[in-house]
There are 2 protein chains.
Amino acid sequence: MDIQLKRGLLDVCVLAAIKNEDSYGYQIIKDMKPYLELSESTLYTILKRLETADMLTVRSAEHGGRLRKYYHITGKGLARIEEFRDDWKEILPIYQFITREEAEHE
Amino acid sequence: MDIQLKRGLLDVCVLAAIKNEDSYGYQIIKDMKPYLELSESTLYTILKRLETADMLTVRSAEHGGRLRKYYHITGKGLARIEEFRDDWKEILPIYQFITREEAEHE
DNA sequence: CTATATACATCGTGATACGATGTATTCCAT
DNA sequence: ATGGAATACATCGTATCACGATGTATATAG
């Protein structure tokens with residue numbers, strides 16, 4: 001997939017990955033993999049950015065003798081997903097504009 | 001609309017604007033306006049980029065005593081639009097993933 | 001004992017949208 | 001005729017961002 005196109009989906013996709021259940025880095029990557037692949041360096045950059053923007057909170061918890069950072073979505077994060085729904089309504093006509101077959105003669 | 005989301009659509013949208021008919025800067029902005037607004041500085045950056053990538057060719061023509069630069073899409077540019085169609089097939093499941101309502105209890 | 005998977009983190013780089021700014025011409029209303 | 005929109009193209013600097021490279025540390029399987 002085109003990198004630029006991916007950019008617009010990454011943040012919201014990460015938020016969606018923790019929407020129903022708190023999760024941690026490695027798990028988020030696994031859950032997103034079927035839809036959108038991203039590297040660890042990209043994910044941690046995004047998580048930090050979303051935390052700064054108050055779209056998620058972080059809590060450290062021990063698991064199997066090792067620390068894990070669990071990410072929890074906030075109201076602002078949920079609102080961000082709703083904004084994406086609105087953006088989607090604008091994207092559909094754009095898709096039509098781009099893929100329309102016009103003045104194509106037999 | 002979210003800037004990041006816009007980024008992924010701009011290039012292809014400009015190509016779509018000249019797909020059926022050669023066009024020039026000011027006209028492209030007008031044609032795209034109902035779908036996606038962009039400033040002149042952004043458009044000329046994009047046109048230059050698409051030219052470098054051989055996705056369009058440029059020709060200067062006089063119009064009303066003034067020079068206009070007309071942009072013409074190439075085979076590579078048309079292929080870029082086809083790629084977008086393919087990307088779209090990947091985007092749809094991502095949209096589902098983001099907006100799914102799961103484990104929402106009454 | 002060693003390699004692989006898990007887990008988190010930072011740095012540098014290249015790509016890019018856009019506001020600000022500049023130049024020049026045409027057209028219209030006063 | 002004169003001044004201000006609208007038309008038309010162009011450049012520069014800045015902020016944002018994805019990602020590869022790289023580093024640390026622990027658990028687990030062969």
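In what follows, chains are A, B, ... by sequence order, proteins preceding strands, each numbered from 1.
Contact detail for Leu43(A) and Gly25(A): the closest heavy-atom pair is CD2-O, 3.2 Å.
For the pair Ile3(A) CD1 and dC19(D) C1', the computed distance is 8 Å after rounding to whole Å. Taking atom NE2 of His63(B) as the reference point, atom P of dA6(D) lies 18 Å away to the nearest angstrom. The OH-P distance, from Tyr71(B) to dA8(D), rounds to 12 Å in whole Å. The separation between Arg49(B) atom CZ and dC9(D) atom P is 18 Å, rounded to whole Å. For Gln4(A) and dC18(C), the CD to C1' distance is 14 Å, given to the nearest whole Å. We find that NZ of Lys30(B) is positioned 15 Å from C1' of dC9(D), with the value rounded to whole Å. The CG atom of Leu43(A) sits 12 Å away from the C1' atom of dA18(D) (whole-angstrom rounding). Rounded to an integer number of Å, the gap from Leu36(A) CG to dC19(D) P is 8 Å.
Phosphate contact (OP1/OP2 of dA8(D), side-chain N/O of Tyr24(B), threshold under 4.0 Å): present. Residue Lys6(A) places no side-chain N or O under 4.0 Å from the OP1 or OP2 atom of dC17(D). Residue Thr42(B) places at least one side-chain N or O under 4.0 Å from the OP1 or OP2 atom of dC18(C). Residue Tyr44(A) places at least one side-chain N or O under 4.0 Å from the OP1 or OP2 atom of dC8(C).
Between Tyr35(A) and Gln96(B) the shortest side-chain heavy-atom distance does not fall below 4.5 Å. Side-chain contact check for Ile28(A) versus Leu47(A): some heavy-atom pair is nearer than 4.5 Å. Put simply, the side chain of Trp88(B) does not reach to within 4.5 Å of the side chain of Glu83(B), judged on heavy atoms. A 4.5 Å side-chain heavy-atom check between Lys76(B) and Leu56(B) finds every atom pair outside the cut-off.
Minimum atom distance to the side chain of Leu10(A) is reached by dA18(D), of the listed dA9(C), dA17(C), dA18(D). The listed nucleotides are dA17(C), dT6(C), dC17(D); the one nearest the side chain of Ile46(B) is dA17(C). The side chain of Asp11(B) has dA17(C) as its nearest neighbour among dA8(D), dC19(D), dA17(C). Distances were taken from every side-chain heavy atom of Leu38(B) (C-beta onward) to each of dA15(C), dG20(D), dC18(C); the shortest belongs to dC18(C). For Arg68(B), the listed nucleotide lying nearest its side chain is dA8(D); candidates were dT10(C), dA8(D), dT11(D). With dT7(D), dA9(C), dC18(C) as the candidates, the nucleotide lying closest to the side chain of Lys69(A) is dA9(C).
Heavy-atom distances to DNA chain D give each of Thr45(B) and Ser39(A) a nearest nucleotide, and the one nearer the 5′ end belongs to Thr45(B). Residue whose closest nucleotide on DNA chain C sits further toward the 5' end, between Glu40(B) and Arg66(A): Arg66(A).
Heavy atoms of Arg7(B) sit under 4.0 angstrom from at least one base atom.
Between Arg80(B) and Asp11(B) no salt bridge is recorded (no basic side-chain N to carboxylate O distance below 4.0 Å).
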